[in-house]
Participant: 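Have a look at this one before I ask anything.
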Amino acid sequence: DQVGHTKFRQVTGSVIVDGSLFRLPGGPFGFAAGAVFRRARIRDVPPAASLEGDVYNGGAAGITAGKDRVFELFGEVEAPLLRDRTLFHDLTLLASARYTNYKSYGSTGTYRLGAQWAPVQEIRFRGSYGTAFRAPNLFEQFVADQTGFAPAGSDPCDDFASKSAPGQPLYDNCLSQVGAFLNEDTDGDGTFDNWVATGGPGVIRNGGAGILKAEKSKSYGIGMVITLPPRVADVSLAIDYFNLRVDDQVSVLGTTILDLCYEAEDFPNNQYCAFIEPREQLQGTLQNFRDPYINIALQKATGIDIAARYGTELMGGRFVANLRATRNLKQIIQTFPEDDPFDY
């Protein structure tokens, strides 16, 4: 039996005040303000056999230990400008702001602005624009050399001759790496017989403390909500357009690192290949590659969210049906600044 121990400690505290300051034509001017403090510490000690790398056909792991603290101030206001007027059943503005200070990542400010307008009770338009900030969590910062294995088929050169042709980057790059281990051209078609990986590479994952940047995002959206009067039917429909951009998202790439390396025209001189150790000399098998937590340069997404609701009395009870759907219009990822953005 192998036993590991994980200890996570967190201390939190908050002070919040809220209420209304004065009245506007549409109702009371509401506000909320407060302060939040959080301190967290993690210490994960794997079993002794994992620490020493003695688990047969398994992975090793180091001790993950680290701490952080954050202090935040925030404020929010809601201003109902008009209510129950011609073409202004409701007009409300909202605004919020937050100051965040991480011991590990310094200080930043975020905010959100929003508005909603209902010309009549049954139709409401809404929109918002905001920013966000997230520092990497303790695991993403401090995880210590956890190792495992990827399947043999994750090697891009496994069966590469059937997946690519001479002159293509994958074929030429794999040929340069495992060509010495291929059989001769036995069928006379001018190509080598295929190469098959006999084992999967080791995967080494570690944290990015001191290297990772914090995530930042900007987003905006507009939409409308249609609600039938209760005397007619319990029916509502919401349609919202969203546009989201995230810079420096913290993530891992997994075996995608291998594909991006071997399918590149600048192989082996790109940032992905730098994560991969040289192949072993007897059969050309991939040995290990690092899969650290890194910052993905850019992600963007736009789309339309749809939510519909229908309710009615049925057989002495109440029946409610909900429909939610999202239409993705664009989803773009750019892993490193020098990469071309890829639109899914």
Side-chain angles (χ1 to χ4, degrees), residues 12 14 16-21 23-34 36 74-96 98 110-132 134 137 215 217-246 249 251 299-333 343-344:
T12 65
S14 62
I16 301 172
V17 294
D18 60 49
S20 59
L21 298 179
R23 288 196 63 84
L24 292 171
F29 180 90
F31 82 98
V36 178
F74 66 89
E76 181 176 356
V77 296
E78 179 178 339
L81 301 182
L82 295 171
R83 184 159 295 168
D84 296 328
R85 306 282 182 90
T86 303
L87 294 181
F88 288 97
H89 175 74
D90 179 28
L91 177 62
T92 301
L93 302 181
L94 304 101
S96 60
R98 182 178 294 261
T110 55
Y111 65 92
R112 180 177 181 272
L113 302 173
Q116 54 183 6
W117 168 51
V120 294
Q121 184 175 358
E122 294 78 16
I123 302 176
R124 181 178 301 271
F125 299 94
R126 57 192 181 186
S128 66
Y129 176 87
T131 62
R134 187 188 80 88
N137 61 41
E215 300 176 355
S217 74
K218 296 179 180 179
S219 63
Y220 66 87
I222 55 175
M224 66 179 300
V225 182
I226 300 175
T227 305
L228 295 184
R231 66 179 183 275
V232 177
D234 183 4
V235 173
S236 63
L237 172 67
I239 303 175
D240 292 279
Y241 167 83
F242 64 86
N243 186 301
L244 171 66
R245 174 189 174 118
V246 181
Q249 180 179 352
S251 184
Q299 289 203 77
K300 295 177 66 176
T302 62
I304 298 174
D305 283 331
I306 300 173
R309 180 185 185 277
Y310 169 74
T312 185
E313 303 297 327
L314 180 65
M315 299 174 62
R318 183 154 187 82
F319 172 81
V320 176
N322 290 283
L323 169 67
R324 297 185 182 276
T326 297
R327 168 63 176 171
N328 288 321
L329 301 177
K330 187 170 290 187
Q331 190 163 340
I332 297 174
I333 186 169
D343 188 348
Y344 285 93

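Position 1 is the first residue of the sequence; numbering continues from there.
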Participant: How far apart are the closest heavy atoms of Asp343 and Lys330, and which atoms are they?
Facilitator: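 Reported closest heavy-atom pair: OD2-CG, 3.5 Å.
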
Participant: Rounded at 0.5 Å granularity, tell me how far CZ in Phe74 sits from CD1 in Ile16.
Facilitator: 4.0 Å

Participant: Does the side chain of Glu76 come within less than 4.5 Å of Asp18's, by heavy atoms?
Facilitator: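 No, every pair of side-chain atoms sits at 4.5 Å or beyond.
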
Participant: Salt bridge or not for Asp234 and Arg309, using N-O below 4.0 Å?
Facilitator: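 Salt bridge present between Asp234 and Arg309.
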
Participant: Would you call Arg112 and Ser128 a side-chain contact if the rule is heavy atoms closer than 4.5 Å?
Facilitator: yes

Participant: Heavy atoms only: give me the nearest Met224-Asp240 pair and the separation to one decimal.
Facilitator: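 Shortest heavy-atom separation between Met224 and Asp240 comes out as N-OD1, 4.3 Å.
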
Participant: Does CZ belonging to Arg318 count more than 12 external heavy atoms closer than 6.0 Å?
Facilitator: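 It does: Arg318 CZ has more than 12 such atoms within range.
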
Participant: What distance do Thr92 atom OG1 and Arg124 atom CZ have between them, rounded to the nearest 0.5 Å?
Facilitator: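 Here the rounded value is 7.0 Å.
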
Participant: Under 4.5 Å between any side-chain heavy atoms of Val17 and Phe31, yes or no?
Facilitator: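 Of all side-chain heavy-atom pairs linking Phe31 with Val17, at least one is under 4.5 Å.
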
Participant: Say you draw a straight line from CD1 of Ile304 to CG of Leu329; how long is it, rounded to the nearest 0.5 Å?
Facilitator: 5.0 Å

Participant: Restricting to non-hydrogen atoms, name the atom on Ala115 and the atom on Leu93 that form the minimum distance, rounded to 0.1 Å.
Facilitator: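 Scanning both residues, the minimum pair turns out to be CB-CD2, 3.6 Å.
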
Participant: Take Asp305 and Thr326, measure what side-chain hydrogen bond (donor to acceptor under 3.5 Å, both in side chains) needs, and give me the verdict at the end.
Facilitator: CA-CA 5 Å; Asp305 283 331; Thr326 297; 2.7 Å; yes

Participant: Check whether any side-chain heavy atom of Asp90 sits under 4.5 Å from a side-chain heavy atom of Arg83, and report yes or no.
Facilitator: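 Counting from C-beta outward, Asp90 and Arg83 do come under 4.5 Å.
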
Participant: Which heavy atom of Ser219 sits nearest a heavy atom of Leu244, and at what distance?
Facilitator: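 Nearest pair, atom of Ser219 first, then Leu244: CB-CD1, 3.7 Å.
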
Participant: Nearest heavy-atom pair of Val225 and Ala238: which atoms, and what distance?
Facilitator: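 Looks like CG2-CB, 4.0 Å.
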
Participant: Please round to the nearest 0.5 Å and tell me the distance separating atom CD1 of Ile239 and atom CD1 of Ile306.
Facilitator: 5.5 Å

Participant: Kindly give the heavy-atom pair with the smallest separation between Pro28 and Ser20, and that separation in Å.
Facilitator: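 So the minimum-distance heavy-atom pair works out to CB-CB, 3.8 Å.
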
Participant: To the closest 0.5 Å, what do you measure between CD (Glu78) and CD (Gln116)?
Facilitator: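 Here the interatomic distance stands at 7.0 Å.
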
Participant: Once you measure the plane-to-plane angle for Tyr241 and Tyr220, does it fall in the parallel (<30°), tilted (30-60°) or perpendicular (>60°) bin?
Facilitator: tilted

Participant: Say whether, by atom type as modelled, one donor and one acceptor occur between the side chain of Thr302 and the main chain of Asn243 under 3.5 angstrom.
Facilitator: no

Participant: Would you compute the distance between atom CD of Glu122 and atom CG of Leu228 and round it to the nearest 0.5 angstrom?
Facilitator: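 Answer rounded to 0.5 Å: 8.0 Å.
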
Participant: Inspect the surroundings of CD1 in Ile222 and state if more than 12 heavy atoms from other residues, nucleotides or ligands are less than 6.0 Å away.
Facilitator: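 No, because the 6.0 Å sphere around CD1 of Ile222 holds 12 heavy atoms or fewer from other groups.
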
